[in-house]
Amino acid sequence: MDLLGFGDLLLSGAWVTVKLALTSLVFGLLFGLIGAAAKLSSFWPARALATLYTTFVRGIPELLLVLTIYFGGSVILMAIAEQFGYTDYIEISAFAAGVAALSIAFGAYSTEVLRGAIQAIPKGQWESAQALGMTPLKTFFRIILPQVWRLALPGLGNLFQVLLKDTALVSVIGLDDLMRQAYVATGSTNQPFTFYMAAALIYLGLTVLSTATTSWLERRSDPASTRAVT
C-alpha cells in the first residue's frame, strides 16, 4: 500500500492511540474497583452513588462524554480559578480530556465486571482470613483480588478492545491520534480509501495484539494451565 510519505505520520498517531488507551485503562480499572467496592458496600449512600455513576455513564454516548469534559472542564476550571483572582483562559489538553472521558466510561463498564467477579469468590474465604486475624483490606489485596483478576480478565479484555477503538472519538477535539492523522493525510492527498484502510489495518493489528496479550495473561493467571505447561 502506497502511503505517499505519510507512513510516519500514521505511526506517530498509532503511538498516541496506544498511550491514550493504556493510560485510560489504568485509571478506568481504578474507577472500576472503586465502583465495584461501593456497589458491594453495606453503606447505602455509596451503593446509590455507584449505581448513579454506572447508570449515567452507560446511558450516554462516549462522544458526548468526550465533548462535555473537553469543553465543560475548561468552564469549571476557569470558574474555580476566578475565585482566586485568575482570569486568563484555561484550556484542557485533548489528551487529558480523552483520558478522563475514556477512563470514566471504562470504569462504569468494568464496575459490573469486577462486581460479578468479587461476588463469585466464596464468602468462606473472607471468613477464613478474618479467623486468621487478617484485616479486611489485607484480605482483599492478598486473597480476593488475585482471584478477582483471574475471573474478570476475559471481560476486561473485551472492554479494553472496545476502549481501543473508542480512542478514535478523541480525534474530534484535535488529538493527533491515528484517526486524526489519517484524516490529515486524506486531506493532503485526496485519497481517503488508502489512508482510512491503512488506519483500519493498524487498528486491527492493535486488536490482534490485545487479544494475544489477554490470552497470555489468562493462561498465566490460571494455576492449572500453568502447571500443564510446565
Side-chain angles (χ1 to χ4, degrees), residues 18-60 62 65 69 96 98-167 207 209-230:
V18 170
K19 289 193 294 183
L20 178 62
L22 292 179
T23 306
S24 301
L25 173 66
V26 172
F27 287 104
L29 284 174
L30 179 60
F31 291 154
L33 278 173
I34 295 174
K39 280 206 164 187
L40 296 173
S41 173
S42 58
F43 187 53
W44 75 262
R47 296 197 307 272
L49 285 175
T51 301
L52 179 63
Y53 163 58
T54 55
T55 301
F56 177 79
V57 173
R58 292 189 299 170
I60 62 175
E62 280 81 0
L65 191 60
I69 291 178
V99 168
L102 296 178
S103 298
I104 291 171
F106 185 89
Y109 288 99
S110 64
T111 290
E112 299 301 332
V113 173
L114 293 169
R115 180 180 64 85
I118 293 173
Q119 289 180 315
I121 306 298
K123 292 184 178 180
Q125 297 196 23
W126 289 94
E127 296 169 353
S128 299
Q130 185 179 7
L132 292 173
M134 296 180 67
T135 64
L137 193 61
K138 182 179 290 187
T139 300
F140 179 76
F141 282 104
R142 297 190 62 178
I143 297 178
I144 304 301
L145 188 57
Q147 299 178 79
V148 168
W149 168 255
R150 177 171 58 85
L151 294 173
L153 194 52
L156 293 177
N158 289 333
L159 289 179
F160 178 71
Q161 292 191 15
V162 175
L163 169 66
L164 189 60
K165 290 176 285 188
D166 281 347
T167 57
T207 301
L209 180 60
S210 169
T211 301
T213 302
T214 301
S215 299
W216 179 78
L217 289 173
E218 288 180 18
R219 291 194 300 270
R220 293 289 297 176
S221 63
D222 186 353
S225 176
T226 303
R227 287 195 296 270
V229 173
T230 57

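The CG atom of Leu137 sits 11.5 Å away from atom CZ of Arg142, with the distance rounded to the nearest 0.5 Å. Interatomic distance, Gln119 CD to Lys123 NZ, rounded to the nearest 0.5 Å: 8.5 Å. With values rounded to the nearest 0.5 angstrom, Leu163 atom CG is found 12.5 Å from Asn158 atom CG. In this structure, the separation between CD on Gln161 and CG on Leu209 is 10.5 Å, given to the nearest 0.5 Å.
Residues Ala105 and Val57 approach most closely at CA-CG1, 3.6 Å, considering heavy atoms. When all heavy atoms of Thr207 and Leu164 are compared, the pair lying nearest together is N-CD2, 3.9 Å. A pairwise comparison of heavy atoms in Lys19 and Thr23 identifies O-OG1, 2.7 Å as the closest pair. Nearest heavy-atom pair, Phe160 versus Ser210, reported as atom, atom and distance to 0.1 Å: CD2-OG, 3.2 Å. When all heavy atoms are compared, the tightest approach of Ala120 to Leu151 is CB-CD1, 3.9 Å. Taking all atoms of both residues into account, the shortest heavy-atom contact from Ala36 to Leu114 is CB-CB, 3.9 Å.
Under the 3.5 Å distance criterion, the side-chain polar atoms of Ser24 are left unmatched by any main-chain donor or acceptor of Ala21. No donor-acceptor pair under 3.5 Å is formed between the side chain of Ser110 and the backbone N or O of Val113. Tyr53 places no side-chain N or O within donor-acceptor distance of the main-chain N or O of Gly35, the cut-off being under 3.5 Å.
Between Gln125 and Ser128 there is no side-chain heavy-atom pair separated by less than 4.5 Å. The closest side-chain heavy-atom distance from Arg150 to Glu218 is not below 4.5 Å. In this structure the side chain of Ile143 reaches within 4.5 angstrom of the side chain of Met134, judged on heavy atoms.
Among pairs with a residue in residues 34-51, those fulfilling side chain to side chain donor-acceptor pair (under 3.5 Å) read Lys39-Thr54, Lys39-Glu112, at least two apart in sequence or across chains.
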Extract all donor-acceptor atom pairs below 3.5 Å that involve side chains of residues 26-34 and protein atoms in other chains or at least two apart in sequence.
none

task = For side-chain contact (heavy atoms from CB on, under 4.5 Å), just list the numbers for Phe140 and Ile118, CA-CA rounded to whole Å, side-chain angles, deciding distance to a tenth of an Å, and then say yes or no.
result = CA-CA 10 Å; Phe140 179 76; Ile118 293 173; 4.1 Å; yes
request  = Go through Ile69 and Ile104 one step at a time and tell me if the side-chain contact (heavy atoms from CB on, under 4.5 Å) criterion holds.
outcome  = CA-CA 10 Å; Ile69 291 178; Ile104 291 171; 3.9 Å; yes
request  = Please step through side-chain contact (heavy atoms from CB on, under 4.5 Å) for the pair Phe106 and Val162, ending with a clear verdict.
outcome  = CA-CA 9 Å; Phe106 185 89; Val162 175; over 6 Å; no
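No side-chain donor-acceptor contact under 3.5 Å links Gln130 and Thr139.
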